[in-house]
2 protein chains.
Amino acid sequence: MADKGKLSPEAIRERRAHEELNVFSRLPAVYAASRKQGQQFLQRGGGISIVEWRTLWDLCEAGPMTIRDLAAIQRADHSLLSRALPDMRDKGFVTMTRDEADKRQTVVEVTSKGRAAYEVAAPVMARRRAALRESMTEDEIRAFITLLTKLEDFLHTPADQLLERETHQ
Amino acid sequence: MADKGKLSPEAIRERRAHEELNVFSRLPAVYAASRKQGQQFLQRGGGISIVEWRTLWDLCEAGPMTIRDLAAIQRADHSLLSRALPDMRDKGFVTMTRDEADKRQTVVEVTSKGRAAYEVAAPVMARRRAALRESMTEDEIRAFITLLTKLEDFLHTPADQLLERETHQ
DNA sequence: AAAAATTATATGACTTGTCACGTATTATTT
DNA sequence: AAATAATACGTGACAAGTCATATAATTTTT
């Protein structure tokens with residue numbers, strides 16, 4: 001333990017090295033770096049936001065869908081889409097239509113303007129994915145996805161279940 | 001392409017499966033799940049926030065340090081710490097003292113109250129890390145960290161550099 | 001037919017991240 | 001000694017995530 005009131009560069013360096021190996025400590029920065037780089041790419045591909053990009057991509061690839069569908073594909077809370085879509089409609093990128101058969105649902109569809117915005121961003125973002133494949137092999141990416149899925153499953157385990165497990169051991 | 005205005009469950013399913021293999025698409029949800037689970041654990045370990053937990057852990061393990069030090073260990077922007085620390089001081093968890101030798105710097109130190117809060121949360125969070133090791137082997141975690149570091153390096157590459165590289169190919 | 005339960009979306013509020021900028025201080029250069 | 005550059009931190013503003021709640025609509029149960 002460092003002396004009271006005294007900085008210890010050695011202890012700080014050790015702490016840093018220790019946290020390098022802590023998955024939970026590493027995720028926030030990796031996610032933030034991904035977001036930042038994604039935003040940089042999109043700035044050069046029409047200036048749309050990451051949520052706008054994801055949504056236009058989903059709609060152009062898979063056709064009209066509900067807010068729930070978008071949330072499921074994007075693995076996000078529906079409120080994120082609920083909030084983003086009216087602005088996208090105001091920008092002329094999408095239409096939002098109440099489903100006649102089930103008035104609880106809103107069907108979101110891309111417009112020609114939205115498709116145009118997608119076409120500007122798509123090659124830039126494709127370049128990003130290609131660049132990742134130049135940096136990491138297909139096997140590495142596949143291994144990473146496998147481990148990421150395993151981690152995600154673990155992270156979806158409620159804290160109580162994990163804490164209770166120890167109690168019973 | 002789906003018929004205009006028509007939902008296509010098949011296309012949506014395919015889209016979902018496709019994005020399962022996209023690293024950039026997967027990260028936000030994994031990070032959000034990690035944060036959520038971390039908050040759940042902390043709720044059962046004294047009720048402190050994730051940033052508070054990280055900071056108390058850093059200070060208890062490595063002793064007093066500057067805001068820059070904390071930011072470096074946590075791989076976060078200094079403003080995140082700059083914002084969190086006054087509240088932690090107000091809660092009595094830390095002291096913030098201007099460095100006599102360099103008045104630009106603030107030295108942050110844990111108090112006995114902060115250490116007590118750390119002692120409540122620490123075993124709960126240790127349990128979380130142990131639970132991860134029950135879920136993933138040491139080799140898997142090590143492999144994941146290695147790939148995460150590789151990905152992080154890639155993500156720190158500016159977009160211009162990656163876009164320019166293609167231009168010159 | 002009516003009541004209860006479930007589902008879909010919108011919105012309030014919050015957390016956690018960042019970038020940009022300003023101020024104060026120290027270090028370096030002239 | 002003075003000017004310039006660099007560094008540390010505080011703050012404004014914003015993006016992207018979530019949880020909780022309310023309202024409306026549909027489905028299920030009684």
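A note on names: the letters A, B, ... follow the listed sequences, proteins ahead of strands, and every chain is numbered from 1.
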- Item | Nearest-Å distance for atom pair CD/P, residues A/Q43 and C/dC19 | 13 Å

- Task: Look at A/K103 and D/dT26 and indicate whether a side-chain polar atom (N or O) is within less than 4.0 Å of OP1 or OP2.
- Result: no

- Message: Looking only at the side chain of B/A76 (C-beta and beyond, no hydrogens), which of the listed nucleotides C/dT18, D/dG17, C/dT16 gets closest?
- Response: C/dT18

- For B/L81, report the nucleic acid contact type (base, sugar-phosphate, nothing); a contact means any heavy atom under 4.0 Å. nothing

- Can a side chain N or O of A/S82 be found less than 4.0 Å away from OP1 or OP2 on C/dA10? yes

- Item | No-hydrogen, no-angle side-chain donor-acceptor test under 3.5 Å, A/R89 and A/T111 | no

- Task: State whether B/Y31 places a side-chain N or O below 4.0 Å from either non-bridging phosphate oxygen (OP1 or OP2) of D/dA16.
- Result: no

- Message: Would B/E19 and A/R75 count as a salt bridge (charged side-chain N to carboxylate O under 4.0 Å, His left out) here? Give the steps.
- Response: CA-CA 10 Å; B/E19 288 305 283; A/R75 302 171 117 79; over 6 Å; no

- Message: Within the 4.0 Å heavy-atom criterion, would you say B/S49 contacts the bases, only the backbone, or no part of the nucleic acid?
- Response: sugar-phosphate

- Taking atom types as they are modelled, is there a donor-acceptor pair under 3.5 Å from the base of C/dG17 to the side chain of B/R75? no

- Mind checking whether B/R115 and B/F93 have side chains closer than 4.5 Å, heavy atoms only? no

- Query: With sugar-phosphate meaning primed atoms plus P, OP1 and OP2, does B/T66 contact a base, only sugar-phosphate, or nothing at under 4.0 Å between heavy atoms?
  - Reply: sugar-phosphate

- When we call it a touch if two heavy atoms are under 4.0 Å apart, what does A/I67 touch: a base, just sugar-phosphate, or nothing? sugar-phosphate

- Between C1' of C/dG17 and CD1 of A/I50, the distance in whole Å: 12 Å

- Contact class for A/P28 vs. all strands (heavy atom < 4.0 Å): base, sugar-phosphate, or nothing? sugar-phosphate

- Item | Among D/dA16, C/dA10, D/dC9, the one nearest A/H78 by side-chain distance | C/dA10

- Item | Sugar-phosphate, base or nothing in reach of B/T106, heavy atoms under 4.0 Å | sugar-phosphate

- Under 4.0 Å between a side-chain N/O of B/R54 and OP1 or OP2 of C/dG17, yes or no? yes

- How are the rings of A/W57 and B/H18 set relative to one another: parallel (under 30°), tilted (30 to 60°) or perpendicular (over 60°)? perpendicular

- Message: Is it the case that D/dC19 (base atoms only) and A/S79 (side chain only) share a donor and an acceptor within less than 3.5 Å, ignoring hydrogens and angles?
- Response: yes

- Query: Just how far, in rounded Å, is C1' of D/dT18 from CD of B/Q37?
  - Reply: 15 Å

- Item | Pi-cation contact, B/F24 with A/R128 (under 6.0 Å, within 45°) | yes

- Any Lys/Arg nitrogen of B/K91 or B/E52 sitting under 4.0 Å from an Asp/Glu carboxylate oxygen of the other? yes

- Task: Rounded to the nearest angstrom, tell me the gap between atom CG in A/D87 and atom P in C/dA10.
- Result: 12 Å

- Query: Does the C/dT9 base have a donor-acceptor partner in the side chain of A/R68 within less than 3.5 Å?
  - Reply: no

- Pairwise 5' ranking along DNA chain C for A/L85 and A/A32, keeping only the more 5' one: A/L85

- Message: On DNA chain D, compare the nucleotides closest to A/R35 and B/D77; which residue's is nearer the 5' end?
- Response: B/D77

- Message: What is the distance, to the nearest angstrom, from the NZ atom on A/K36 to the C1' atom on D/dG17?
- Response: 19 Å

- Round to the nearest Å and state the distance from B/L80 atom CG to D/dA13 atom P. 19 Å

- Query: Would you call A/D69 and B/R16 a salt bridge, taking side-chain N to carboxylate O under 4.0 Å as the test?
  - Reply: no

- Message: With a 3.5 Å cut-off and heavy atoms only, can you find an N or O donor on one side and an acceptor on the other between the side chain of A/R83 and the base of C/dG12?
- Response: yes

- Note on the structure: Rounded to whole Å, CG of B/L70 lies from P of D/dA8 at a distance of 13 Å

- Report yes if at least one side-chain N or O of A/Q39 is closer than 4.0 Å to OP1 or OP2 of D/dA16; otherwise report no. yes

- Query: Counting only distance, no hydrogens or angles, is the base of C/dT9 paired donor-acceptor with the side chain of A/R104 under 3.5 Å?
  - Reply: no

- Message: How many whole angstroms separate atom CD of B/Q105 from atom C1' of C/dT25?
- Response: 10 Å

